[in-house]
Amino acid sequence: MEHALQPKNVDVLIVGAGPAGLAAAIAAREAGAENLLVLEREPEMGGILKQCIHNGFGLHRFKEELTGPEYAQRDIDRVKELGIEVRCGTTVLEVTADRQVTAISRDRGVQVFRAGAVILAMGCRERPRGALAIPGTRCAGIFSAGTAQKYVNLEGYMPGRRVVILGSGDIGLIMARRMTLQGAKVLACVEIMPYSSGLNRNIVQCLHDYNIPLMLNHTVVDIQGRERLTGVTVAKVDEHRKPIPGTETHFDCDTLLLSVGLIPENELSKQAGVPLSSATQGAVVDDTLQTEIPGIFACGNVLHVHDLVDFVSAESFKAGKAAAEYAAGRKIGSKIAPVADGTGVRGVVPQKIRIPDANSPAEAIQLMFRPACVYENATIRVLDGDTEIYKVKKRILAPGEMADLTLKPETVRALSGEKITVLIDADGEVCAWNK
Amino acid sequence: MEQMITCINCPIGCRMTVNVDNGQVVSITGNGCKRGIEYAAQESVAPKRMVTAVVSVTGRKTPVSVKTRTPIPKEKIFDCMAAIENAKIEPPVRMGDVICKNVCDTGVDVIATKTVL
Amino acid sequence: METEILVIGGGVIGCATARELSAYQAKVTVLERGPDVASGASKANSGIVHAGFDAKPGSAKAHFNVEGSRMYEAYCRSVGAPYTQPGAMVLAFDEEQRAHVEKLYRQGLENGVKGLSVLERDQVLALEPNTNPEVVCALLAATSGLTSPYELTCALADHAAVNGTRFLMDTEVTSITWENDRYRVATSRGEMAADIVINCAGVQSAKLHNQLSEKKYTITPRKGEYYLLDRENKPLFSHTMFQTPSKMGKGVLVSPTVHNSLLLGPSAMDVTDSGDVSTTAEALRLVRDKAMLTWPGENLRSVITTFAGMRAHEQGDDFIVGAIEGLKGAYEAVGIESPGLTAAPAIGKALCEQIVAEKDLKPKAEWLPAPKLPKAFAAMTNEERQHACEENPENGVLVCRCEQVTEAEVRAAIRRPVGARSIDGVKRRTRAGMGRCQGGFCSPRVLEILCEELGVSPTAITKDGGEGYVLAGTLAEIARKEDA
């Protein structure tokens with residue numbers, strides 16, 4: 001074995017070979033990074049797309065509707081074509097602020113690298129039942145929707161036969177359909193909010209198509225079953241999302257799937273001292289996706305949870321290019337304008353914009369965020385200090401669909417350096433609900 | 001006959017009203033764009049859906065993911081699933097290989113969406 | 001004919017006792033009604049090794065607590081179970097509680113507890129800055145420790161097993177009678193006979209005792225519920241933080257675990273169904289509210305799970321340890337609620353010594369040491385990890401990334417003398433699945449490894465024994481509505 005603990009130099013090191021890591025690697029190579037390494041803990045590349053066998057991916061990027069594996073394969077093929085080294089079955093154990101990365105694998109044991117730039121692309125994890133503290137027993141038969149999806153699509157096993165789904169996010173909706181098609185009975189999709197956070201197309205194609213009731217303003221208040229789940233109790237909630245006594249209904253079921261939130265997987269980032277935003281649970285970054293630690297970049301779901309993989313790829317291309325430039329020594333010092341969440345806006349990314357100086361080219365900058373609730377016919381406004389620099393009217397804005405806007409290069413060049421605020425102006429109307 | 005249809009083509013989700021007479025679309029209102037009209041016309045008369053699933057591959061732990069090449073009539077979804085389940089696949093199977101030709105007489109093939117060697 | 005001993009109950013008390021007896025010439029079998037050792041209260045408690053100031057002087061609780069506390073560090077080391085000694089504080093928030101703290105101090109001295117002192121407010125806040133600034137004073141108990149109760153129980157079981165002890169799981173004792181100079185024990189798996197029976201049946205120990213003895217005991221199952229919070233880079237509290245106790249028990253505490261997670265709880269509610277360890281909205285709310293007195297900055301954002309345990313509270317409010325009055329060869333530990341975990345080493349030792357003396361058991365020629373557990377991967381340096389990989393490449397494969405558990409560790413947990421047979425069995429021995437994602441990432445892989453090691457199909461694997469299957473069937477089986 002090579003002297004394993006001797007650090008090996010790498011220009012750009014990417015943690016994760018899911019859609020974010022793959023796109024970042026491609027962009028980094030195309031921007032000139034030769035000594036490039038991607039570390040992936042699973043045995044295969046592709047990340048979560050491997051188990052997303054449904055279609056709906058790539059409409060924006062490829063103008064085609066692909067399934068998850070097909071979308072991933074495009075980038076996997078390109079990575080191979082470019083001869084980029086990807087080490088699968090390799091878990092990163094530590095990233096330090098001075099960009100030393102320690103990883104481990106079966107074949108090579110402990111590996112240590114010193115990277116010119118690091119790109120964090122670890123994706124996200126699912127919120128478990130325990131984090132919601134749902135009362136009841138801790139029986140078998142409770143799965144996060146993604147874990148159930150893994151069993152069904154990658155292993156060929158059904159978690160159960162009679163299913164209740166908590167949470168109407170896309171993963172829950174997709175699994176409602178998936179389980180139904182495989183012969184399970186899906187009794188209900190229970191959603192605590194007054195609206196679903198999933199895409200409309202999924203509500204139609206996953207719930208309406210199969211007559212699965214969507215119970216808005218409801219939540220699971222008790223779980224029964226000593227060894228295996230036997231049932232759940234569901235109750236209506238009030239405007240504070242608290243269960244209303246007396247509104248309980250009971251479902252006999254053997255499976256509870258949870259689709260109750262995705263959390264960016266930032267353990268490595270925290271240990272490296274990368275400051276995180278509480279609004280996104282991901283790193284604070286500037287418009288090149290660089291975190292507040294020089295040379296460490298973040299993209300994809302680890303930065304903020306996306307709805308569409310096409311946007312993950314676009315964002316990750318930016319990060320890859322920027323990381324390659326950083327590693328090559330092309331660091332641009334410039335004035336920074338902070339970007340803040342205004343009313344109705346949650347988790348604007350990036351949280352900082354570099355204002356190019358007179359000699360540097362100005363580029364368009366895309367800002368992404370989630371609306372705090374559902375709005376109809378509201379206006380997104382961007383303020384530079386007190387001055388409005390951008391305005392657009394939107395027919396529909398919903399928390400389940402990440403919003404984005406692009407500031408033109410000339411707008412970016414003209415920024416004052418004061419705080420930029422992104423807000424939603426709903427003409428006094430607070431929130432409208434889906435039907 | 002009047003039908004309410006929610007378009008699924010983009011996040012706006014226009015709610016359209018479709019009038020159908022004798023299996024023919026008479027009028028569509030409420031759409032925000034042309035794609036909406038196409039979708040509503042199809043959906044109200046002969047709704048179609050893509051079907052995606054997995055099929056086990058002999059001797060392999062991981063099944064191969066598959067899809068209908070194009071949408072098939074909605075009422076044939078479960079029959080399509082049964083046909084997919086009955087398919088016997090030997091490795092290697094490559095992305096794009098036909099798993100079920102002309103599934104349930106829809107004229108649409110079910111194809112593999114990944115490669116399992 | 002070798003003396004045959006049946007230990008009824010595979011919790012920490014039963015395993016501690018069996019482990020001591022395994023040094024002697026006797027055929028020992030542990031009968032456990034659950035699917036694994038540590039199936040009852042032993043897997044669902046605070047993990048605190050109490051200093052001993054809380055127990056009434058002269059009581060059996062005080063005696064076994066203090067002795068156990070003194071034994072604990074060496075005891076854990078001898079079987080490879082984790083132990084730390086961060087100390088504990090009992091907080092007083094007004095002058096009435098101050099009087100109570102001072103009473104506990106004197107009581108502790110009377111019980112023979114070392115390392116006790118009373119701190120004033122500023123000293124408390126200097127040591128624990130996240131404490132409620134309205135604290136007035138606190139009892140500091142430097143000898144208060146932490147362990148992992150299920151890791152300890154499993155390690156004790158393994159030590160007993162390598163010395164010949166048999167463990168029968170899913171075996172519930174339904175009746176014991178004395179017939180023809182032996183004990184006839186009817187179980188859910190058939191009948192057994194023994195010369196000596198030892199009742200370590202936890203919440204069922206009074207029921208078992210009452211079958212054998214004229215004198216009756218009454219156990220009231222008392223449920224306690226907890227929150228478990230994720231570990232932080234900088235711990236919120238280093239000490240175990242108590243509030244002044246009430247008649248229902250030690251009250252709601254805020255405490256690090258031996259693995260640096262944070263526990264809030266337990267509540268205390270008397271129930272009728274001793275097997276119902278479901279959590280409830282009411283008790284969890286109570287825990288949340290009470291914990292805030294200690295930790296006003298309480299933030300449940302990083303809760304990773306909740307759980308409940310069942311205490312075996314005996315009416316007389318004390319442990320009953322020793323020979324069952326009026327019987328030959330029947331021994332017991334009844335009513336072992338808190339400080340039961342702390343008392344376990346001392347109870348095991350006492351019961352063994354008594355049995356050895358009364359039954360004249362001879363020591364074995366060789367008492368094998370406990371199987372050496374390798375250092376946890378999570379605690380290794382990179383050099384140690386490199387070495388571990390060179391010895392076994394499976395040390396380079398991370399199965400649980402939240403708790404950093406390797407494939408080698410998962411396989412070892414299944415191969416141990418009293419090895420894991422379920423997802424939770426692996427979890428209790430390795431911590432895989434105990435972290436912030438609660439098994440979302442690792443459980444499919446753990447399931448796969450269990451199938452390989454046990455030679456069974458995926459649908460045979462359970463979360464924690466019995467009917468708790470994880471997977472209902474293959475896609476084909478469910479689609480065709482077949483039974484797996």
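First the proteins, then the strands, lettered A, B, ... as listed; each starts at 1.
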Checking heavy atoms, do the side chain of [X], its backbone, both or neither come under 4.5 Å from chain C?
X: Ile134(A); result: backbone
X: Gln182(A); result: both
X: Arg226(A); result: side chain
X: Arg138(A); result: both
X: Pro128(A); result: side chain
X: Glu42(A); result: side chain

Worksheet item: Relative to chain A, which of Arg436(C), Arg301(C), His387(C), Arg385(C) shows the most heavy atom pairs under 4.5 Å?
Response: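 The candidate making the most pairs under 4.5 Å is Arg436(C).
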
Item to complete: Heavy atoms only, distances under 4.5 angstrom: which of Pro35(C), Ala308(C), Gly275(C) has the most pairs with chain A? Name it, please.
Response: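 Looking at each of Pro35(C), Ala308(C), Gly275(C) in turn, Gly275(C) comes out on top.
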
Hey, what do you get for [atom1] ([X]) to [atom2] ([Y]), rounding to the nearest 0.5 Å?
X: Ile104(A); Y: Gln404(C); atom1: CD1; atom2: CD; result: 9.0 Å
X: Gln438(C); Y: Leu258(A); atom1: CD; atom2: CG; result: 11.5 Å
X: Ser278(C); Y: Asp222(A); atom1: OG; atom2: CG; result: 6.5 Å
X: Gln111(A); Y: Gln386(C); atom1: CD; atom2: CD; result: 8.5 Å

Fill in: Flag side-chain contact, heavy atom, 4.5 Å: Glu227(A) against Thr462(C)
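Of all side-chain heavy-atom pairs linking Thr462(C) with Glu227(A), none is under 4.5 Å.
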
Worksheet item: Heavy atoms under 4.5 Å from chain C: which residues of residues 149-158 of chain A carry them?
Response: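 Result: Lys150(A), Tyr151(A), Val152(A), Glu155(A), Gly156(A), Tyr157(A), Met158(A).
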
Discussion item. Less than 4.5 Å to any heavy atom of chain A: does that hold for the side chain of Glu225(C), its backbone, both, or neither?
Written reply: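 Nothing of Glu225(C), per the 4.5 Å heavy-atom cut-off to chain A.
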
Fill in: Atom group of Asn395(C) that falls short of 4.5 Å from chain A, counting heavy atoms
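Just the backbone, heavy atoms under 4.5 Å.
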
Practice prompt. Looking only at non-hydrogen atoms, find the nearest pair between Ala133(A) and Leu284(C) and report the distance.
Written response: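 That closest heavy-atom pairing would be O-CD1, 4.0 Å.
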
Practice prompt. Mark yes when over 12 heavy atoms from residues, nucleotides or ligands other than Arg231(C) sit less than 6.0 Å from its CZ; otherwise mark no.
Written response: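 Enclosed.
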
Discussion item. If you count every heavy atom of other residues, nucleotides or ligands that lies below 6.0 Å from Glu452(C) atom CD, does the total exceed 12?
Written reply: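 Yes, CD of Glu452(C) has more than 12 neighbouring heavy atoms, counting only those of other groups under 6.0 Å.
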
Discussion item. Can a donor-acceptor pair be found, under 3.5 Å and without considering hydrogens, that links the side chain of Arg228(A) to the backbone of Tyr469(C)?
Written reply: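 Checking the backbone N and O of Tyr469(C) against the side chain of Arg228(A), a donor-acceptor pair under 3.5 Å is found.
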
Worksheet item: In terms of side-chain geometry, is the basic nitrogen of Glu265(A) or Arg401(C) positioned less than 4.0 Å from the acidic oxygen of its partner?
Response: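 Arg401(C) and Glu265(A): salt-bridged.
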
Worksheet entry | When Glu126(A), Glu94(A), Arg125(A) are compared by non-hydrogen pairs under 4.5 Å with chain C, the top option |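 Most heavy-atom pairs within the cutoff with chain C belong to Arg125(A).
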
